[in-house]
Asks: 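The structure is given below, and queries will be raised subsequently.
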Amino acid sequence: MMDKREYRCLLAYILLALGALAFFILNACIGSVRIPLPEIAGALTGRESNGTSARILWDIRLPRAAAGFLLGGALSLSGYLLQTFFNNPIAGPFVLGISSGAKMAVALVMVFFMRWQILPGREVRVTSAFMILAAFLGAMLSMGFVLLMSRKVSHMSMLVVSGVMIGYICSAVTELVVTFASDAQIVNLHNWSRGSFSGMTWENVQVMAVVVAPAFAAVFLLSKPLSAYRLGEIYARNMGVNLKFLRVCLVMLSSILSACVVAFAGPISFVGIATPHLVRKLLGTARPLKMIPACFLGGSVFCLLSDLLARTLLAPTELSISTVTAIFGAPVVLWIMSERRKGRAA
């Protein structure tokens with residue numbers, strides 16, 4: 001027999017899985033071009049593989065929905081790792097400036113290295129893997145500054161302020177880079193920097209899966225050391241946890257996940273902060289073994305819903321996904337801060 005806590009976790013997993021599936025299907029069905037359900041079923045089963053509806057579904061909507069599922073889960077998981085590492089409930093890749101560092105590096109690549117010639121007449125194109133590598137290096141640069149500041153400041157609130165300042169510095173460098181861009185590059189940078197899952201291809205989705213799936217598996221394997229780490233460094237050390245190795249893993253994995261998101265979809269705000277807290281409330285437990293898969297599903301649901309609203313609220317105009325995530329995520333952050341204030345007052 002399951003106790004109430006296990007039953008609640010099982011119910012939460014079912015709700016998250018059904019939510020991810022439902023919003024994935026809705027993202028595939030709803031858009032500026034109406035596709036009847038029989039045509040969608042025919043395209044999915046291969047009966048209508050050459051029609052306009054099938055091309056829209058397979059070439060535009062399904063890759064976009066798959067990208068929202070993978071990148072939303074990656075962003076939420078990155079936020080969970082950062083909150084665990086810094087023991088700060090509002091730590092996240094966007095707040096700590098990690099996304100801004102990745103954005104700066106990708107902007108540099110897009111402006112100066114998107115196409116260059118190694119020999120006269122021979123042009124080299126930058127691949128998706130190179131973009132992820134650039135975003136990872138930018139994220140690691142920002143993370144290095146955050147880690148340096150974490151040793152200098154005693155209060156976690158100052159750490160968040162330091163992360164915000166790092167984000168402003170990276171944004172200033174990005175704006176400086178834009179002054180050297182051509183008109184076409186400025187348009188591309190503007191569309192990308194707003195945050196969007198549009199323009200995704202199956203090739204992009206394959207690269208995302210190659211990056212996100214091993215990172216998720218690695219995070220899941222760290223669930224037991226993370227459980228000990230949450231109870232304090234002394235307890236974790238007494239349990240035989242290699243704290244130095246664990247910290248390096250947390251930093252590397254969170255940077256890889258956030259870099260993958262920025263490289264493909266641009267900076268997306270509040271998902272990494274809000275989702276772990278909402279999932280924790282839904283599960284009724286903070287055990288990493290249960291939180292890690294739930295965080296991934298929760299981030300997928302959050303981003304798929306936000307992308308659906310971004311495409312449909314003011315259609316045919318498309319909102320940036322960060323606009324929608326901020327509308328839902330910012331109140332969650334305010335609620336988190338008020339709850340911590342009440343806890344301290346009590």
Side-chain angles (χ1 to χ4, degrees), residues 16 19 23 68 71-103 139 142 146 155-171 174 190 192-197 254 257-258 261-262 265-283 286 291 294-314 317-344:
L16 289 172
F23 287 122
L71 297 184
L75 196 55
S76 175
L77 202 55
S78 176
Y80 173 72
L81 293 177
L82 291 172
Q83 289 171 11
T84 303
F85 180 82
F86 290 108
N87 192 25
N88 190 325
I90 58 172
F94 194 84
V95 170
L96 294 180
I98 297 169
S99 293
S100 297
K103 173 185 173 182
S142 295
V146 172
H155 298 288
M156 283 298 173
S157 58
M158 290 303 298
L159 178 65
V160 173
V161 172
S162 301
V164 172
M165 294 302 104
I166 292 168
Y168 276 120
I169 293 171
C170 292
S171 297
T174 304
H190 175 71
W192 167 80
S193 64
R194 293 170 66 241
S196 175
F197 296 131
S254 61
L257 290 168
S258 58
V261 175
V262 174
I268 299 175
S269 60
F270 291 102
V271 178
I273 305 175
T275 306
H277 293 281
L278 295 174
V279 168
R280 191 178 294 113
K281 287 289 184 181
L282 183 63
L283 289 176
M291 277 290 296
C295 273
F296 191 92
L297 286 173
S300 299
V301 171
F302 196 170
C303 279
L304 286 171
L305 171 61
S306 299
D307 189 43
L308 181 64
L309 294 176
R311 291 191 296 111
T312 57
L313 281 178
L314 299 177
T317 302
E318 183 173 324
L319 298 172
S320 71
I321 191 168
S322 286
T323 301
V324 182
T325 56
I327 291 173
F328 290 108
V332 175
V333 175
L334 294 174
W335 168 64
I336 294 166
M337 295 173 66
S338 64
E339 287 290 315
R340 280 177 62 85
R341 190 175 184 87
K342 289 179 183 178
R344 289 176 181 175

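Numbering starts at 1 and runs along the sequence shown. All values reported here derive from a predicted model rather than from experimental measurement. Quick note: numbers below take in every heavy atom, side chains included, and nothing from hydrogens, waters or symmetry partners.
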Asks: Using modelled atom types and a 3.5 Å cut-off, is there a donor and acceptor pairing between side-chain atoms of Ser171 and backbone atoms of Gly167?
Replies: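 Checked: pair present.
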Asks: Looking only at heavy atoms, what is the nearest atom pair of Ala74 and Val261, with distance?
Replies: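 Here Ala74 and Val261 meet closest at CB-CG2, 4.1 Å.
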Asks: Quick one: CD1 on Ile98 to CG on Leu82, what's the gap to the nearest 0.5 Å?
Replies: 4.5 Å
Asks: Determine the minimum heavy-atom distance between Val271 and Thr275, stating which atoms define it.
Replies: O-OG1, 2.9 Å
Asks: Can you tell me if Ser78 uses its side chain to pair, donor with acceptor, with the backbone of Ser254 under 3.5 Å?
Replies: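 Pair found, side chain donor or acceptor close to backbone of Ser254.
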Asks: Which pair of heavy atoms, one from Cys295 and one from Leu77, lies closest together, and at what distance?
Replies: CB-CD1, 4.4 Å
Asks: How many angstroms lie between atom CG of Leu319 and atom CD1 of Ile327, to the nearest 0.5 angstrom?
Replies: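 Answer for the CG-CD1 pair, Leu319 versus Ile327, is 7.5 Å.
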Asks: Okay, side chain of Ser322, backbone of Pro267: is any donor-acceptor separation there less than 3.5 Å?
Replies: yes
Asks: Using a 3.5 Å distance criterion without hydrogens, assess whether the side chain of Ser76 forms a donor-acceptor pair with backbone atoms of Gly72.
Replies: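 No.
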Asks: With side chain to side chain contact (heavy atoms under 4.5 Å, CB included) as the criterion, how do Phe86 and Val146 come out once you've worked through the C-alpha distance, each side chain's angles and the decisive distance to 0.1 Å?
Replies: CA-CA 10 Å; Phe86 290 108; Val146 172; 3.5 Å; yes
Asks: Please confirm whether the backbone N or O of Ser99 pairs with a side-chain atom of Ser258, one donor and one acceptor, at under 3.5 Å?
Replies: no
Asks: Determine whether a donor-acceptor pair (N or O, by modelled atom type, separation under 3.5 Å) exists between the side chain of Thr325 and the backbone of Phe270.
Replies: no
Asks: Determine the minimum heavy-atom distance between Gly329 and Phe302, stating which atoms define it.
Replies: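 Reported closest heavy-atom pair: N-CZ, 4.2 Å.
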Asks: Identify the two heavy atoms, one from Met291 and one from Pro276, that lie closest to each other, and give their separation to 0.1 Å.
Replies: CE-O, 3.5 Å
Asks: Looking at side-chain heavy atoms only, is the closest gap between Lys103 and Cys170 below 4.5 Å?
Replies: no
Asks: Short question: side chain of Glu318, backbone of Arg311 - any donor-acceptor pair under 3.5 Å?
Replies: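 Between the backbone of Arg311 and the side chain of Glu318 there is no qualifying donor-acceptor contact (under 3.5 Å).
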Asks: Nearest 0.5 Å please: distance from the CD1 atom of Ile273 over to the CG atom of Leu278.
Replies: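 These two atoms lie 11.5 Å from each other.
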Asks: In Å, rounded to the nearest 0.5 Å, how long is the span from OG1 of Thr312 to CG of Asp307?
Replies: 9.0 Å
Asks: Work out which heavy atom in Gly97 is nearest to a heavy atom in Ser142; give both atom names and the distance.
Replies: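 Scanning both residues completely, I find the closest heavy atoms to be O-OG, 3.2 Å.
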Asks: When rounded to the nearest 0.5 angstrom, what is the spacing between CD1 in Ile268 and OG1 in Thr323?
Replies: 11.0 Å
